[in-house]
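For reference, the structure is listed below as structure tokens.
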Amino acid sequence: MSRYPYLFMLPKITHQAHLPSLYHDFINELTQDQNFTGNIDASYSGRLSVATDNSIYQQLPQLVIQPRTKQDIVLLAKTTSEAKYHEIKFSARGGG
């Protein structure tokens with residue numbers, strides 16, 4: 001038995017445990033039902049990397065979505081226009 005048994009009882013923290021089901025449904029609909037070809041990152045590290053813009057403000061997004069094609073953008077717009085996804089807000093990021 002270890003001197004520190006509590007070290008082995010810590011729960012594993014994953015993005016799935018903290019991501020609301022609405023976003024899981026959104027990801028599934030885009031990737032499985034509509035063949036979205038871009039990248040969707042729900043990992044904490046991926047979201048943290050875009051949470052700030054070199055200012056003192058930081059806002060952690062629920063997802064980082066990087067469309068690859070014009071069709072991906074059309075799919076995003078079409079999917080988010082559904083009533084069940086109206087709560088999802090988007091913020092564009094650019095490099096300059």
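This chain uses plain numbering: 1 for the first residue, then up along the sequence.
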How many angstroms lie between atom [atom1] of [X] and atom [atom2] of [Y], to the nearest 0.5 angstrom?
{"X": "Leu60", "Y": "Leu48", "atom1": "CG", "atom2": "CG", "answer": "6.5 Å"}
{"X": "Ile65", "Y": "Asp72", "atom1": "CD1", "atom2": "CG", "answer": "10.0 Å"}
{"X": "Gln66", "Y": "Asp41", "atom1": "CD", "atom2": "CG", "answer": "7.5 Å"}

Heavy-atom pair of closest approach, residues [X] and [Y]:
{"X": "Thr80", "Y": "His86", "answer": "O-CD2, 3.5 Å"}
{"X": "Gln62", "Y": "Pro20", "answer": "OE1-CD, 3.3 Å"}
{"X": "Leu30", "Y": "Leu75", "answer": "CD2-O, 4.0 Å"}
{"X": "Arg47", "Y": "Val64", "answer": "CA-CG2, 3.8 Å"}

Neighbour count above 12 (heavy atom, 6.0 Å) for Glu82 CD: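 It does: Glu82 CD has more than 12 such atoms within range.
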ILVMFWY network linking Phe90 to Val74, side-chain heavy atoms under 4.5 angstrom: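 No, no single cluster joins them.
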Joint cluster assignment, Phe36 & Ile73, ILVMFWY side-chain distance < 4.5 Å: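 As far as the 4.5 Å side-chain criterion goes, Ile73 and Phe36 are not connected within one cluster.
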Thr52 vs Gln59, side chain to side chain contact (heavy atoms under 4.5 Å, CB included): CA-CA, chis, key distance, verdict: CA-CA 7 Å; Thr52 188; Gln59 197 151 20; over 6 Å; no
Pair Glu29 + Lys84: basic N to acidic O under 4.0 Å: yes
With Phe26, the side chain to side chain contact (heavy atoms under 4.5 Å, CB included) member among Ile40, Leu19, Leu76: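 Output: one option passes, namely Leu76.
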